[in-house]
Structures are given as structure tokens and as C-alpha cells.
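Everything on this sheet refers to the single structure shown next.
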Amino acid sequence: MFQTYFIKKDKEKILLGLKKRNFNKISIIDKIFFLDEKRKKLQSHLNKILEKENIISNQIGKILNSDLKNQFEIDFLKEKKLYLKKDKIIISDQLKKIIQKLKDNLDQIPNIPDEKVKKKSNDIIFQEKKYTSILDLEKPLPHWELSKKFNLFNLSLGTKICGSGFSVYMGKCAKLQRSLIQYFLDQNIKASYEEYVLPYLINENSAYSTGHIPEKKGQMYFIEKDNFYLIPTGEVPIMNFYRDKIFSYSDLPIRATTYTSCFRREAGSYGTKVRGLNRLHQFDKVEIIQIASSENSYDSFEEMILHVKNIIQSLKLPFRILRISGIDLGFSSAITYDFEVYSIAQKKWLEVSSVSNCTDFQSNRLKIRYKNKGKIKLCHTLNGSALALPRIIAVLLENNQTNTHINIPKVLIPYTGFDKIK
RNA sequence: GGAGAGAUGGCCGAGAGGUUUAAGGCGCACGUCUGGAAAGCGUGUACACAAAAGUGUGUCAAGGGUUCGAAUCCCUUUCUCUCCGCCA
């Protein structure tokens with residue numbers, strides 16, 4: 001959510017940015033200006049009424065404390081206040097309504113895409129061509145076939161326990177997942193991200209603050225009895241951990257990482273997209289975030305991109321990095337780079353990480369700020385996956401298969417304790 | 001889940017209807033003193049909204065209420081602590 005003064009200051013820039021997103025409800029901008037003017041007038045009016053009320057109350061106090069308790073004067077003042085009270089109720093009621101309307105309208109405006117972001121094309125900005133032809137098999141098997149062969153995971157068991165889109169990992173595959181989590185966390189910690197273990201359930205306020213309500217409400221599981229949502233990503237609890245904080249400039253950037261399960265309803269998904277481990281209602285992910293000053297957030301962004309790149313490279317997977325177009329850009333993000341690994345068996349690119357700079361859009365709701373030379377400014381927030389588990393597992397299995405076994409990447413062997421799955 | 005006690009600034013803590021100002025301390029920042037430092041001493045020290053500014057308004061967990069006037073009284077909710085129950 002933007003602050004109105006920002007929209008006023010940079011109206012042209014904002015209109016241009018919204019165009020990139022195919023955002024058509026431009027009239028909202030003028031509506032916001034209108035409502036804001038009205039809000040200011042009502043606010044001033046109300047303040048004046050309150051001031052008068054305070055003055056009268058204090059006058060009464062003074063009279064009662066003096067030796068001459070003039071009842072006539074007190075009654076006169078009380079009556080004067082009665083009129084003010086009536087006005088106050090009317091004005092504050094109007095003000096409340098205007099503020100709510102203003103907020104409803106502001107909530108609808110997404111973040112403005114960065115200059116580099118194009119309207120329609122997802123530009124490939126990096127491609128790792130190594131490791132794309134390491135298999136000499138004629139017909140490499142997709143991971144769901146490999147699973148049958150090597151007893152790796154079981155989706156129908158997940159369905160039995162819960163429903164479709166939930167999987168059960170077994171034996172060495174379970175350990176492979178745990179090893180990857182440990183490996184990712186270790187890499188993140190080494191890059192000075194502080195690790196946290198956080199709640200998987202969040203309240204309404206948290207979901208709103210990161211922009212998942214109202215924008216993505218339908219994607220989240222909701223527990224009615226206690227008014228909790230299941231986290232769709234670790235970004236939500238970890239960002240809310242910092243909600244309402246004011247950092248000093250020298251504390252920034254903040255780097256944090258967390259491993260969580262993620263829960264997504266994925267309503268409307270179908271077909272090969274959801275085959276095997278490609279898309280699940282519950283999956284595991286290691287998340288990284290940074291909180292930066294407005295001047296340095298793009299350095300943080302570059303740093304995160306490089307970090308994720310290094311991890312994927314260490315697993316020796318073919319991958320590419322895409323700069324996401326305005327139309328595909330998430331609501332809170334100004335710029336997003338997606339990392340996709342290539343599945344040789346599925347002949348498909350699968351997204352395993354998405355690194356975004358949300359600039360000050362998210363921090364305005366989160367009220368994460370910093371103080372520099374006495375001035376308080378909104379921080380910039382950044383988030384990314386390092387990395388999402390199921391698709392990494394799928395591609396690791398597929399790209400490292402032979403006729404008789406699956407090889408484990410070298411960097412993981414200290415974690416798994418075995419070098420192949422037979 | 002039951003019973004009781006609480007929630008006050010960055011932190012500790014007083015304030016228990018009324019002198020338009022939330023005391024005092026700690027911490028922090030600046031100044032002063034010093035060869036340099038510590039200790040002193042002095043000054044400052046929340047956030048939001050409105051205004052060109054002096055300033056005004058709101059915020060004592062949150063939301064309502066009583067009152068001319070609420071941090072203070074009443075109601076509801078949330079959270080914390082203690083005891084009991086249940087429990088990995």
C-alpha cells in the first residue's frame with residue numbers, strides 16, 4: 001500500500017507503472033485525491049472541536065478548584081459543551097467512513113514496477129547451459145516414474161491421509177529433503193542470514209501486512225474457529241516478526257532466513273502442472289529476506305540474486321533467471337527475478353525461487369522504518385526462496401538418474417550420508 | 001479449561017477523576033570539563049494526523065461506555081504472570 005503523499009508526488013510515474021501491469025482502474029487515483037482532501041478537512045474540523053472541548057473542561061476544572069465555585073458559570077459551560085458533542089459525533093463518524101473508503105481504494109493499487117521491468121516479456125537475464133545434457137539415457141523418467149521404481153514418495157498415501165496435493169516422502173527421499181533443508185540453511189547462515197523458527201499459523205493482521213489479504217485471500221487455508229490462516233510462505237511470519245520496528249540506519253540491512261512448510265489452496269490448477277511434486281498444497285521451503293534502507297535495497301537485491309544463483313550452481317542443475325513482466329508481477333513487488341531449473345525428463349522449466357524487491361510498498365503496511373539523522377523513513381523489504389524443496393527434489397532425481405540408480409550431488413553427500421539411491 | 005494478579009515511553013517505574021505539561025531513574029545523542037577518557041554538570045530525547053509557522057489533535061494493551069473532564073471508574077476483547085487441571 002502506498003502513502004497518499006507519494007501518489008500525489010509521483011502521479012505520472014504511477015500511472016505509467018500501472019499501465020505496465022494492465023491495471024485499468026485508473027480513476028481510483030483521482031478518487032484517492034478527492035477522499036484525501038475531504039479527510040484533511042474533516043480532520044482539521046474535528047481537531048478544532050476537540051480543542052474547544054478541552055478548553056471548556058479545563059475551565060470547569062479551574063472553577064471547581066478555586067474558592068469561588070460559581071455554579072451558574074459551570075452550568076453555562078456544560079451546556080456549551082453539549083452542542084460541541086453533537087457536532088463531534090457527526091464529524092468523527094464522517095471521518096471514520098472517509099478513512100475506510102480511502103484505505104479500501106489505496107489497498108487496490110499494486111506496487112509500481114521498476115523501470116527495467118517490461119510489460120509483457122519475461123526476459124531471460126541469465127542461463128546456465130552446463131549440465132543440460134549429462135544424461136545419456138534415451139528416455140529419462142519423470143520423477144513420478146522414478147518414485148515407483150525406487151520407492152521415493154507417495155501421493156496417494158498423502159491423499160489417503162489428507163487429500164490430493166499432499167505427498168508422503170519415504171526413506172532416502174525423506175532424508176534427501178531433510179538434507180537439502182539443512183544444506184540451504186547452512187548456506188544462508190554462512191551468508192549472514194539469521195535463522196528463525198516461526199509459527200505456521202498467522203492472524204489477519206499479519207496476512208494483511210504482507211499483502212496476502214485482501215489480494216490473495218483465496219489462496220490461503222483458513223481456520224475459522226480461531227481466525228488463523230496457514231502460511232502460504234515463510235515470508236509472512238518472518239516479515240511480521242519485524243512489524244512496527246524502527247531500525248537505526250547502521251542496523252541495516254537485516255538478513256534473516258527461515259525454514260517452513262507452506263500451504264496453498266492452488267484453486268484452479270490442473271493438468272501436468274500439478275503432476276507429481278510439481279505443485280502441492282503443502283510443500284517445504286527455505287526463505288530468505290532482507291530489510292534495507294531505500295538507498296541500498298537494490299544492492300540487497302543483487303546480493304540475494306547472487307546468493308540463490310550460487311546455491312543452484314552448487315547443485316549442478318541447469319537453470320535460468322527471468323525478469324518477470326509487469327503483467328505477471330506480484331501485487332507487492334516492484335521487481336521479481338524467477339529462478340527456474342530445467343527438468344531433462346519433463347523437458348520443462350520449473351520455478352524454484354522467486355526473489356523480489358517490494359521497495360517501501362510492503363513496509364508501509366508493516367510499518368517497518370529506519371531512522372537516519374533524525375529522519376524516519378520506510379524501509380525496503382525483499383524476499384526470496386533459497387530454495388523451494390519439492391521441485392528441486394524432482395529435478396535432482398530426474399537429472400541425476402541412470403538405469404540403475406540416482407546420484408546424489410557431491411555437496412549433499414555429507415548431509416545425506418549416501419551417494420546414491422538404488 | 002478453572003481461579004487470581006497484571007499490561008504506563010527504547011528500558012525500569014510513579015501516578016488511583018481536575019494546577020492544559022505522564023514524576024523520577026536508566027539508556028541514548030549533543031554540549032561542557034580533560035592531554036585523552038570516566039565521573040560531574042547542562043541540554044535534548046516516542047509516534048501518527050493537520051498546518052507556512054507558533055502550534056493543535058490523538059495515542060498509558062485494543063475497542064466501547066460513564067463524566068463537563070479518564071492512564072485513573074465500568075464493560076468487552078487480547079496478551080503476560082502465578083496456582084490448579086490436561087499434556088509432547
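Every chain is numbered from 1 and lettered A, B, ... according to where its sequence line falls, protein lines coming before strand lines.
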Whole-Å gap separating C1' (B:U67) and CD (A:Gln59): 17 Å

Touch class at under 4.0 angstrom, heavy-atom based, for A:Leu50 against every strand present: sugar-phosphate

Presence of A:Arg369 side-chain N/O under 4.0 Å of B:A46 phosphate oxygens OP1/OP2: no

P atoms of B:A14 and B:G9, separation to the nearest Å: 13 Å

Identified pairing partner of B:A46, criterion: Watson-Crick or G-U wobble below 3.5 Å: B:U59

C1'-based separation of B:C41 from B:G4 [nearest Å]: 48 Å

Atom P, compared across B:A22 and B:A29: separation rounded to whole Å: 25 Å

Distance under 6.0 Å and angle within 45° of ring axis: A:Lys103 vs A:Tyr208: yes

Nearest-angstrom distance, C1' atom, B:G64 to B:C28: 38 Å

Basic-acidic side-chain contact under 4.0 Å: A:Asp123, A:Arg323: yes

Electrostatic pair A:Asp36-A:Arg39, nearest N-O below 4.0 angstrom: yes

Nearest-angstrom distance, P atom, B:C30 to B:G13: 29 Å

Comparing A:Arg39 and A:Asn47 on RNA chain B - which has the more 5′ nearest nucleotide: A:Arg39

B:C83: pairing nucleotide in any strand, Watson-Crick or G-U under 3.5 angstrom: B:G2

Pairwise side-chain contact, A:Asn154 with A:Met170, heavy-atom cut-off 4.5 Å (strictly under): yes

Of the listed nucleotides B:A50, B:A48, B:C68, the one nearest the side chain of A:Ser57: B:C68

B:C79 and B:C73, which share atom name C1', separated by this distance in whole Å: 23 Å

SB check A:Asp284 A:Arg178 (cutoff 4.0 Å): no

Axial cation check for A:Phe418 ring with A:Lys172, 6.0 Å and 45° limits: yes

Same-atom distance (C1') from B:G31 to B:U67, integer angstrom: 47 Å

Identified pairing partner of B:G10, criterion: Watson-Crick or G-U wobble below 3.5 Å: B:C26

Distance in angstrom units between A:Lys85 NZ and B:U66 C1', rounded: 9 Å

A:Lys367 vs B:A48: side-chain N/O to OP1/OP2 distance below 4.0 Å: no

Separation of B:G65 P from A:Ile89 CD1 (nearest whole Å): 9 Å

Within-4.5 Å side-chain heavy-atom neighbours: A:Arg243 and A:Asn205: yes

Distance below 4.0 Å between A:Asn54 side-chain N/O and B:G58 OP1 or OP2: yes

Whole-Å gap separating P (B:G69) and CD (A:Glu53): 7 Å

A:Lys40 vs A:Ile55, nearer the 5' end of RNA chain B by closest nucleotide: A:Ile55

Atom-pair distance (CG on A:Leu84; C1' on B:U57), nearest Å: 15 Å

Between B:U57 (C1') and A:Ile99 (CD1): distance, integer Å: 13 Å

Sugar-phosphate only, base, or nothing, as touched by A:Asn58 at under 4.0 Å among non-hydrogen atoms: base

Nucleotide opposite B:A37 in a Watson-Crick or G-U pair, distances under 3.5 Å: none

Atom-to-atom span, NZ of A:Lys62 to P of B:G17 - whole angstrom: 22 Å

Whole-Å distance separating the CD atom of A:Glu51 from the P atom of B:G56: 7 Å

Any-strand Watson-Crick or G-U partner of B:A52, both distances under 3.5 Å: none

Presence of A:Lys81 side-chain N/O under 4.0 Å of B:G69 phosphate oxygens OP1/OP2: yes

Pairwise C1' distance for B:C33 and B:U19, with rounding to whole Å: 39 Å

